[in-house]
Amino acid sequence: MTIDVPDTVSRVLVLSGPSGSGKSTIVDRLLADSGVSVREAVSATTRSPRPTEVDGKDYYFLSQEEFSQKQQRGEFVECAEVHGVGDWYGTLATEIQLAHDENAWALLEIDVEGALAVMDHYPDALTIFLLAPSMEEYRRRLESRGTESQDAIERRIGTAEGEVQRADRYRYQVVNDDLDRAVREITEILLAWEEKIHA
Ligand code: 5GP
């Protein structure tokens, strides 16, 4: 695979893809063994934690009021209401700064609206859209995860259809047909960009 890398690059990696496209698993793998120093930017959200989620690790779980105070103080690089049910998500500028202070890539796992805003801030960001092999496969993955109601699943599929149509706004599109292969592809892209920084 030839990887087309721009002349200037920012150490900001934006990974989007419908929930159920395997993003979280891929993120875990990249953090553990991509061979490049990567730090995940922990997002803030107003949605309630799922049973296994930890505050400050998976998200900063904030009340609506805390979230809008941060918004008013301009602490977010971007923020968006993601699934149209009043749940807000946002990337804190301090999280990107923390990664850069460590000379690491800031990894942002965010939705398309947020990603487009980040692209305005960081035009040289590495942006990757992760696609599930098909909508049927995507539905199957969401259902087998069992964390959402049928209603929430339908909403997420609706969001996904809209997002996939904007996948071409990203520099790369990666199909998660096979986890190892997708991780390898993303790692190769990341290594090519990292090499550019040192060139
Ligand atoms: P979930 O509720 O499943 O954790 O996440 C729902 C969606 O919110 C995912 O598509 C995820 O990419 C997006 N998301 C998570 N954090 C952020 C963020 O900081 N900003 C934006 N714009 N979207 C986010």
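Remember, it's 1-based here, ligands and their atoms both numbered in the order they're listed. This one's a predicted model, so the numbers in the text were calculated from it and none came from an experiment.
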May I ask you to identify, for Glu109, whether its side chain, its backbone, both or neither come under 4.0 Å of ligand 1 on a heavy-atom basis? backbone

Using a 3.5 Å cut-off on N or O atoms only, is Arg145 in polar contact with ligand 1? no

Considering only protein heavy atoms, which is closest to atom 20 (N) of ligand 1, and at what distance to one decimal place? Glu78 OE2, 2.7 Å

If the threshold is 4.0 Å, N to carboxylate O, is there a salt bridge linking Glu185 and Arg181? yes

Please work out, at 4.0 Å between heavy atoms, whether the side chain, the backbone, both, or neither of Thr91 comes within that distance of ligand 1. both

Which residue and heavy atom of the protein sit nearest atom 19 (O) of ligand 1, plus the separation: Ser43 OG, 2.7 Å

Between the side chains of Thr45 and Tyr60, does any donor sit under 3.5 Å from an acceptor? no

Does Asp58 come within less than 4.0 Å of Arg50, counting only side-chain N to carboxylate O? no

Going by the 4.0 angstrom heavy-atom rule, the piece of Glu148 near ligand 1 is neither

Ranked by distance from atom 11 (C) of ligand 1, the top protein heavy atom is Lys23 NZ, 3.7 Å

Note: Glu137-Arg140 ion pair, threshold 4.0 Å (strictly below): yes

Tell me whether Lys57 is salt-bridged to Glu40, with the criterion being a basic N under 4.0 Å from an acidic carboxylate O. no

Nearest non-hydrogen protein atom, atom 2 (O) of ligand 1: Tyr89 OH, 2.5 Å

Working note: Arg171 + Phe129, criterion side chain to side chain contact (heavy atoms under 4.5 Å, CB included); need CA distance, chi angles, decisive distance, verdict. CA-CA 8 Å; Arg171 288 182 192 265; Phe129 193 92; over 6 Å; no

Where does Glu95 meet ligand 1, judged by heavy-atom distances below 4.0 Å: at the side chain, the backbone, both, or neither? neither

Starting from atom 5 (O) of ligand 1, locate the nearest protein heavy atom and write down its residue, its atom name and how far away it is, to 0.1 Å. Tyr59 OH, 3.3 Å

Against heavy atoms of Arg47, which atoms of ligand 1 measure under 4.0 Å? 1 (P), 2 (O), 4 (O)

Check ion pair Arg47-Glu81 (N to O, under 4.0 angstrom): no

Could you list the atoms of ligand 1 found under 4.0 angstrom from a heavy atom of Gly114? 22 (N)

Atoms of ligand 1 close to Val82 [distance to a heavy atom under 4.0 angstrom, numbered from 1]: 7 (C), 8 (O), 23 (N)

Atom 23 (N) of ligand 1 sits nearest the protein heavy atom Asp111 N, 3.2 Å

Pair Trp105-Glu194, side-chain donor/acceptor within less than 3.5 Å: yes

Looking at atom 6 (C) of ligand 1, what's its closest protein heavy atom, distance included? His83 NE2, 3.5 Å

So does Glu148 pair up with Arg145, basic N to acidic O under 4.0 Å? yes

May I ask whether Gly90 has any heavy atom positioned less than 4.0 angstrom from an atom of ligand 1? yes

Salt-bridge present (Arg184, Glu188; N to O < 4.0 Å): no

